[in-house]
Amino acid sequence: MSKESQRVDTRTAPQPLGAYAHAARAGQLLFISGQGARDPATGRERGVLLNPDGSMKSYDIREQTRAAIANVEAVVRAAGGALEDVVDVTVFLINMADFSAYNEVYAEAFGSHRPARTTVGAASLPGNNAIEIKAVACLRPEGEPR
């Protein structure tokens with residue numbers, strides 16, 4: 001990372017599976033790497049039923065969405081922020097037919113806070129994820145009230 005940016009990592013979100021940080025902070029902006037439904041305690045994706053060979057048999061998009069948002073929130077909190085500081089979200093779904101169900105959970109999690117958002121279909125995602133969420137947060141200066 002450069003002098004202008006800081007790496008952010010936390011044990012409260014799943015450990016990255018590749019050569020990347022949970023997030024990079026540049027000034028007040030926090031760029032959060034894509035977070036799926038992997039449980040930080042078990043390393044397994046939540047809301048998934050697996051076939052004997054380990055491939056995904058079925059999934060619960062609502063449970064996967066809750067887990068992915070919880071992982072985004074854990075990264076934001078590690079940097080001193082909160083979910084309300086998120087200003088932009090990009091969501092990847094392996095099945096756009098899941099849009100309505102994921103959108104319900106998303107709306108519950110963000111409440112009246114409505115960051116900008118883009119949702120796109122993805123042919124596949126790492127692991128047994130049906131959803132991945134990347135986000136940008138604008139953190140408040142230290143000491144500034146919410």
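The chain is numbered in sequence order, starting from 1.
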Can you get from [X] to [Y] by hopping between Ile, Leu, Val, Met, Phe, Trp and Tyr side chains that sit under 4.5 Å apart?
X: Phe99; Y: Phe92; value: yes
X: Tyr20; Y: Ile32; value: no
X: Val76; Y: Phe110; value: yes

Spacing of [X] atom [atom1] and [Y] atom [atom2] [to the nearest 0.5 Å]:
X: Lys134; Y: Phe31; atom1: NZ; atom2: CZ; value: 8.0 Å
X: Ile131; Y: Leu125; atom1: CD1; atom2: CG; value: 9.0 Å
X: Glu108; Y: Arg66; atom1: CD; atom2: CZ; value: 6.5 Å
X: His113; Y: Glu84; atom1: NE2; atom2: CD; value: 7.0 Å
X: Asp85; Y: Gln28; atom1: CG; atom2: CD; value: 10.0 Å
X: Ile133; Y: Thr65; atom1: CD1; atom2: OG1; value: 6.0 Å

Using a 4.5 Å cut-off on heavy atoms from C-beta on, say whether the side chain of [Y] contacts that of [X].
X: Gln35; Y: Val75; result: yes
X: Asn128; Y: Arg44; result: no
X: Arg117; Y: Asn103; result: yes
X: Gln64; Y: Ile94; result: no

Mind listing the closest non-hydrogen atom pair of [X] and [Y] along with its distance?
X: Val87; Y: Cys138; value: CG1-CB, 4.0 Å
X: Arg38; Y: Asn71; value: O-ND2, 3.0 Å
X: Pro14; Y: His22; value: O-NE2, 2.7 Å
X: Ala13; Y: Pro40; value: C-CB, 3.6 Å
X: Met96; Y: Val120; value: SD-C, 3.8 Å
X: Ile69; Y: Val105; value: CD1-O, 4.5 Å

Would a distance-only check, ignoring hydrogens and angles, find a side-chain to backbone donor-acceptor pair under 3.5 Å from [X] to [Y]?
X: Asn129; Y: Glu132; result: no
X: Asn51; Y: Asp53; result: no
X: Arg77; Y: Ala79; result: no
X: Thr119; Y: Val91; result: no

Using the six-membered ring wherever Trp is involved, compare the ring planes of Tyr106 and Tyr102 and label them parallel, tilted or perpendicular (cut-offs 30° and 60°).
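Ring orientation of Tyr106 relative to Tyr102: perpendicular.
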
